[in-house]
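Below: the structure, in structure tokens.
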Amino acid sequence: MLWAALLPDSLPADPQPRTEALDGLATWCLQFTPRVAVLEALLQCPAVVMELEQSLRLFGGKRRLVERVREECPELGVRQLSWAPTSLAALAVARAGLSNGFAKPLAQLLDALPFETLTQVAAHQATLARLGCRTLGHVRALPRGGLSRRFDAQLLATLDQAYGLRPETYPWAQLPETFHAKLELMARVEHAPAMLFGARRLMLQMAGWLMARRSGVTAFTLRWCHDAMRAKTAGNGGELTVRTAQATRDTEHLMRLLAEHLGKVELLAPVGDLELLATEVQSLEEKSLSMLPEARQAGESLALVLERIAARLGPDRVLRPVILEDHRLEWMCRWRPAPEPAARATCRTVDVPQPTFILPKPLRLATQANRPIYQGVLQLLAGPHRVEGGWWDRTKADGDDGQETTRQSARDYWVAVSEHAGVLWIFQMRLAQDETAWFLHGTFA
């Protein structure tokens, strides 16, 4: 059995913030296993323990799982991480300042540890010291009958559980339905980018919560509270909401977006507390793994790069094309801010030729014997293709009256060829008094 014990570095003295900090660490642990428990939350040296034996194959084996926990937990304020066959053994090893509880046989390892490493044993420190006990091995060597009569039953139960002689049962931590975590900063922060250090710890907790729920965020909110000694005009604090185009739980990408947004924030007073909320959560489709090695992508994907640039320059300055179901070429494409969620494509394929490039405004062509001219007389290759519609598309005309007009169009499109200009996309439309005119609308590459 593989158990891990995590000892936080520093915790608030008040019970409520202390419990919230331990619950946040437990929430991060729930991404690895549902068997997570908080031990002795209100005592001097609390811990979070988790049983990982059933998760080894899911995370690629013991070594990879251990490396991942070891790499991420220091950023959550964990000062000691230890492993052992039982939870109380892992806790005792951690409190002794060790990490590997598998280096020796369990009994031999625990016998050498001070008995203060287990709280239920340390509660009888004065009596045990008078009996000459210094280690767990000394306490365990005492007659069990005498221990049970002289001390409470919890002492023997704790020893048996630590040595693996009795099953361990805990009130297991439950995954909350929503993510909402708080953090009291170690020092007051006067510049917004400096909040990233504390925000990263909260972000890792949110990433663990999202992974346990097999979900990702499309929006999250960072709130900050100003110091109590602030000026009255500064207010209580502020908040910042960051949105993504697609659901993700990539901590590095979310931190880069947050850094770009915080770079534009001016704090009105020093900040002492942070709060992170997962505002919009969506289920995340897991990628199926292949038996063959997959090609690794170098750098970020285009979507992630666009989001980061939009966060720096502003969402209205980074646009992307969105195809709409409209046969009129001018309005078949709309430009939307890149960070906005992409709508699901519903456009049907068109079975007629479509130009590679279109002009911003159709160019009227001269005619010769009712044939269009563009760098010479054009030869019609294919057509006509009738495009008619737009009565529903209303817009206000330029001017003081502001009257609404429709973008109704009725055109016959042709594929034409020019000896000098190449293949063109032209159309013919009716004008007033039964007159017709030819227009150049696009070119084929």
Side-chain angles (χ1 to χ4, degrees), residues 1-8 11 15 18-59 62 65-66 69 73 78 80-96 98-102 105-107 109-111 113 115-124 128 136-137 139-140 142 144-145 147-177 208-209 212-213:
M1 192 72 71
L2 177 63
W3 282 86
L6 301 89
L7 301 185
L11 292 170
R18 186 185 187 89
T19 303
E20 290 177 353
L22 288 169
D23 288 344
L25 181 57
T27 300
W28 173 80
C29 292
L30 284 170
Q31 66 180 302
F32 302 108
T33 173
R35 292 171 61 86
V36 177
V38 178
L39 302 185
E40 305 169 4
L42 300 180
L43 298 184
Q44 184 177 3
C45 188
V48 175
V49 296
M50 55 179 171
E51 187 268 304
L52 298 169
E53 189 70 26
Q54 306 302 322
S55 305
L56 296 182
R57 291 185 60 188
L58 180 63
F59 288 89
K62 179 179 178 180
L65 178 56
V66 168
V69 175
C73 70
V78 175
Q80 183 65 46
L81 171 66
S82 300
W83 315 86
T86 66
S87 63
L88 290 180
L91 177 61
V93 171
R95 287 175 174 174
L98 307 175
S99 59
N100 188 5
F102 294 90
L106 181 60
L109 178 72
L110 291 179
D111 284 348
L113 298 182
F115 64 76
E116 290 86 356
T117 54
L118 292 178
T119 303
Q120 299 301 332
V121 181
H124 307 282
L128 292 173
L136 293 175
V139 178
R140 189 164 171 256
L142 296 175
R144 291 181 62 90
L147 283 175
S148 63
R149 290 190 300 269
R150 189 162 187 176
F151 303 98
D152 57 13
Q154 193 61 39
L155 186 146
L156 276 178
T158 300
L159 286 175
D160 290 345
Q161 288 175 350
Y163 282 82
L165 304 177
R166 185 181 297 189
E168 300 172 284
T169 58
Y170 299 111
W172 303 113
Q174 299 293 324
L175 190 68
E177 291 298 320
W209 179 81
R213 291 180 61 92

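We use all heavy atoms of the structure for the numbers below, so side chains are in, but hydrogens, waters and symmetry mates are not. Quick caveat, the model's predicted, so the values are computed rather than measured. Numbering of residues begins at 1 and proceeds along the displayed sequence.
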Results of salt bridge (Lys or Arg N to Asp or Glu O under 4.0 Å) for [X] - residues two or more places apart only:
X	result
Glu53	none
Arg166	Asp160
Asp23	none
Glu51	Arg35

Where is the tightest heavy-atom contact between [X] and [Y], given as atom of each residue plus distance?
X	Y	result
Ala26	Val48	CA-CG1, 4.1 Å
Ala173	Leu30	O-CD2, 3.9 Å
Arg95	Cys45	NH2-O, 2.7 Å
Ala37	Pro171	CB-O, 4.3 Å
Trp209	Pro176	NE1-O, 2.8 Å
Leu7	Pro46	CD2-O, 3.6 Å

How many angstroms lie between [atom1] in [X] and [atom2] in [Y], if you round to the nearest 0.5 Å?
X	Y	atom1	atom2	answer
Arg57	Leu65	CZ	CG	14.0 Å
Arg140	Leu165	CZ	CG	6.0 Å
Leu52	Trp83	CG	CH2	5.5 Å
Glu116	Leu136	CD	CG	8.5 Å
Gln154	Gln120	CD	CD	4.5 Å

Is any side-chain heavy atom of [X] less than 4.5 Å from a side-chain heavy atom of [Y]?
X	Y	result
Thr19	Leu42	yes
Ser55	Met50	no
Leu88	Leu159	no
Val139	Leu155	yes
Leu110	Leu118	no
Trp172	Pro34	no
Pro8	Leu22	yes
Thr33	Gln54	no

Scan Thr158, Asp111, Thr86 and name whichever one has a side chain to side chain donor-acceptor pair (under 3.5 Å) with Tyr163. Asp111

Only pairs at least two apart or in different chains count here, so list each ring-ring contact (aromatic ring centres under 6.0 Å, His included) that has a residue in residues 29-53.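 For residues 29-53: Trp28-Phe32, Phe32-Phe59.
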
Under the ring-ring contact (aromatic ring centres under 6.0 Å, His included) rule, what pairs show up with a residue in residues 35-57, not counting sequence neighbours? none

Please determine whether side-chain contact (heavy atoms from CB on, under 4.5 Å) holds for the pair Asn100 and Val93, giving the CA-CA distance in whole Å, both sets of side-chain angles, and the decisive distance to 0.1 Å. CA-CA 8 Å; Asn100 188 5; Val93 171; over 6 Å; no

Using the rule given for side-chain contact (heavy atoms from CB on, under 4.5 Å), can you reason through Leu128 versus Leu142, listing the C-alpha separation, both sets of side-chain angles and the distance that settles it, and then say yes or no? CA-CA 10 Å; Leu128 292 173; Leu142 296 175; 4.3 Å; yes

